[in-house]
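This structure is a prediction, so every number in the text was calculated from the model and none was measured. Here, residue 1 is the first one in the sequence, and each next residue gets the next number.
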Amino acid sequence: MIKENVAQLLNDQINKELYSAYLYLEFSNFYNDQGLNGFANWYMIQAQEERDHAMLFMQYMQNNDLKVTLDAIAKPDAELKTNMDPLTAGLKHEKYVTELIHTIYDAAYENKDFRTMQFLDWFVKEQGEEETNANDMIKKMELFGNDPKSLYLLDQEMAARTYSAPSLTL
């Protein structure tokens with residue numbers, strides 16, 4: 001049985017993942033306004049992934065007969081002025097989400113909630129990938145972002161990203 005504190009953290013995570021999707025839509029809009037459609041595409045797909053994460057948490061709760069409460073999603077507050085701003089804000093946000101996942105995992109561990117721990121294992125791995133991707137994008141922007149031709153090629157690279165559904169099945 002999932003303890004109340006773990007259930008509350010899982011429910012909170014649904015809303016945090018939906019906020020993440022909202023934040024990445026904001027980043028996509030920023031890059032679209034800059035004419036960097038590849039970066040806009042990258043973050044549009046990232047928003048889809050975050051929405052999928054929220055849906056996985058919701059399905060997990062429903063599969064365990066837990067009530068889901070959806071809260072209002074806050075307006076993203078990232079200040080976006082340069083092409084680097086969404087990238088650094090994205091890395092900071094992914095580190096925050098990693099902390100959230102670890103907090104849920106810790107609560108599940110304390111309660112010997114092995115089913116929830118097993119569910120969260122996928123998210124622990126996913127967050128490692130998310131932070132690596134965010135770091136890689138920052139490095140590429142630092143290397144190539146100041147040269148218009150190189151930025152064009154980098155934007156083309158980001159445009160090649162395609163959506164793939166999460167590999168986690170419940």
Worksheet item: For L25, what are the other residues in its hydrophobic cluster, where any two members join if their side-chain heavy atoms are less than 4.5 angstrom apart?
Response: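 M44, all in the cluster of L25.
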Fill in: Results of ring-ring contact (aromatic ring centres under 6.0 Å, His included) for F39 - residues two or more places apart only
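With neighbours one apart ignored, the set is Y31.
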Worksheet entry | Main-chain N/O of R161 paired to N41 side chain as donor or acceptor, under 3.5 Å |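 Yes; at least one donor-acceptor contact below 3.5 Å.
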Item to complete: Output yes when a side-chain donor or acceptor of D155 lies under 3.5 Å from a complementary backbone atom of L151, and no otherwise.
Response: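 Between the backbone of L151 and the side chain of D155 there is no qualifying donor-acceptor contact (under 3.5 Å).
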Within-4.5 Å side-chain heavy-atom neighbours: [X] and [Y]:
X: F57; Y: L120; result: yes
X: K95; Y: L91; result: yes
X: Q13; Y: V97; result: yes
X: E130; Y: K125; result: no
X: E17; Y: M55; result: no

Polar contact flag, side-chain donor to acceptor under 3.5 angstrom, [X]-[Y]:
X: Y60; Y: T116; answer: yes
X: D71; Y: N11; answer: no
X: Y96; Y: K16; answer: yes
X: Q8; Y: E4; answer: no
X: T103; Y: D106; answer: no
X: Q127; Y: E131; answer: no

Testing the basics here: between [X] and [Y], what is the closest heavy-atom pair and its distance to 0.1 Å?
X: Y24; Y: G90; result: OH-O, 3.7 Å
X: S28; Y: A40; result: OG-O, 2.8 Å
X: A89; Y: F27; result: CB-CZ, 3.7 Å

Spatial distance of atom [atom1] ([X]) from atom [atom2] ([Y]) [nearest 0.5 Å]:
X: L23; Y: D77; atom1: CG; atom2: CG; result: 8.0 Å
X: Y19; Y: I73; atom1: OH; atom2: CD1; result: 10.0 Å
X: L56; Y: M61; atom1: CG; atom2: CE; result: 13.5 Å

Worksheet item: Mind checking what makes side-chain hydrogen bond (donor to acceptor under 3.5 Å, both in side chains) contact with S20, not counting sequence neighbours?
Response: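 By the side-chain hydrogen bond (donor to acceptor under 3.5 Å, both in side chains) rule, S20 matches H93.
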